[in-house]
> 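Take this structure, written in structure tokens, and hold onto it; I'll ask about it next.
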Amino acid sequence: MDANPKTMLAVILEKPDDRFIIKAIPVPEPNEQQLLVKMEATTINPSDFFHIKGHNFPTQIGLEGFGTVVKAGSPAGEKFIGKKVAFWSMNSKTWAEYSVVGLNEFMEVDKDLPPEKGACAYLNPVTSIGLIDTVKSGNHKGVIITTASTCSKIMFKLCKEEGIKTIAVV
């Protein structure tokens, strides 16, 4: 495969409520505040479908992903080239062979992390940690969790570790 491809395959939605198609499009070029990531895995998250509402069409899909940084848009990002990263971004468009991510929108992960775990390593864990930090900073003794989601599963585990009582409404 070409080390510097000009085009890539991406999932595109041509118009609202239409079928997704796979289409060859230009590889995005990272700006000064971005990195280019060779995608290894991505998620299918309800937020992907909410995100496309109100977009101009055709539009590209995908908010969360995992892969290897292959290019930096500025010297500030060059230290990440070759590193594995997990990320979530409103601008990333991860249902593709390549995606751009902002310099402050990712976390570096272990090079041996399996792609299926790396793709889920950012949004739900970071959200859960933030919610538990809010509970702790407010000196609350318990939480009520009202969803049966991946985020809630992570929160249950964190609550147990922190000694925070939980009530689940499902």
> Which of these, T127, V126, D133, sits in a side chain to side chain contact (heavy atoms under 4.5 Å, CB included) with I129?
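One option only clears the test, and that one is D133.
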> Quick one, D18 and L13 - any side-chain contact, counting heavy atoms below 4.5 Å?
yes
> Going by heavy atoms in the side chains, are I144 and V169 under 4.5 Å from each other?
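When only atoms from C-beta onward are counted, V169 and I144 do touch, with a gap below 4.5 Å.
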> Taking the six-membered ring of F57 as reference, does the NZ or CZ atom of K15 fall below 6.0 Å from its centre and within a 45° cone about the axis?
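No - K15 does not lie over the ring of F57 by the 6.0 Å and 45° rule.
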> Is the distance between the ring centroids of F20 and W95 under 6.0 Å?
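Yes, the ring of W95 comes within the 6.0 Å limit of the ring of F20, centre to centre.
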> Is it true that T68 and K84 share a donor-acceptor pair across their side chains at a distance under 3.5 Å?
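Looking only at side-chain atoms, T68 and K84 do form a donor-acceptor pair, the distance falling under 3.5 Å.
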> Can you give me the closest heavy-atom contact between V109 and A86, atom names plus distance?
CG1-CB, 4.0 Å
> Verify the cluster assignment for V69 and M39: are they in a single hydrophobic cluster under the rule of side-chain heavy atoms below 4.5 Å apart?
yes
> Is there a path of hydrophobic side-chain contacts, each under 4.5 Å between heavy atoms, that joins L36 and I25?
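Yes: a chain of side-chain contacts under 4.5 Å links L36 to I25.
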> For residues M90 and V100: do they belong to one hydrophobic cluster (side chain heavy atoms under 4.5 Å, members Ile, Leu, Val, Met, Phe, Trp, Tyr)?
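No, it is not one cluster - the side chains of M90 and V100 are not joined through contacts under 4.5 Å.
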> Side-chain heavy atoms nearer than 4.5 Å, only ILVMFWY residues, links allowed to pass through others: does that put V70 and V101 together?
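In one cluster: no.
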> Which heavy-atom pair separates G77 from L35 by the least distance, and what is that distance?
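Nearest pair, atom of G77 first, then L35: O-CD2, 3.6 Å.
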> Would you call E14 and K23 a salt bridge, using N to O less than 4.0 angstrom?
yes
> Side-chain contact, heavy-atom cut-off 4.5 Å: V11 with I21?
no
> Side-chain contact, heavy-atom cut-off 4.5 Å: F106 with W88?
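Heavy-atom side-chain distance check fails, nothing below 4.5 Å.
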> Can you name the nearest heavy-atom pair linking M8 to P26, along with the distance?
CE-O, 3.9 Å
> Taking the ring of Y122 and the ring of F66, is the distance between their centroids below 6.0 Å?
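No, the ring of F66 stays outside the 6.0 Å limit from the ring of Y122, centre to centre.
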> Regarding S89 and E105, do their side chains bring together a donor and an acceptor under 3.5 Å, going by distance alone?
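The answer is yes; a qualifying pair exists.
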> Between Q34 and L103, is there a side-chain heavy-atom distance shorter than 4.5 Å?
no
> To the nearest 0.5 Å, what is the distance between CG on N124 and CE on M155?
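Going from CG on N124 over to CE on M155, the span is 11.0 Å.
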> Grab the two heavy atoms, one from S92 and one from G62, that are nearest each other, plus how far apart they are.
OG-O, 3.6 Å
> Specify the closest pair of heavy atoms between V85 and V37, including all atoms of both residues, with the distance to one decimal.
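Closest approach of V85 to V37, heavy atoms only: CG2-CG2, 3.9 Å.
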> Looking only at heavy atoms, what is the nearest atom pair of Q60 and I12, with distance?
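Residues Q60 and I12, closest heavy atoms: CG-CD1, 3.8 Å.
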> Find the distance between CG (L158) and CD (E162) and round it off to the nearest 0.5 Å.
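Going from CG on L158 over to CD on E162, the span is 7.0 Å.
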> Could you give me the CA-CA distance, side-chain angles and deciding distance for T42 and E64, then say whether side-chain hydrogen bond (donor to acceptor under 3.5 Å, both in side chains) is met?
CA-CA 6 Å; T42 187; E64 186 172 25; over 6 Å; no
> Can you check side-chain contact (heavy atoms from CB on, under 4.5 Å) on V143 and I164, steps first, answer last?
CA-CA 7 Å; V143 297; I164 300 169; 4.2 Å; yes
> Hey, what do you get for CE (M107) to CG (N104), rounding to the nearest 0.5 Å?
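Atom-to-atom, M107:CE and N104:CG are 14.5 Å apart.
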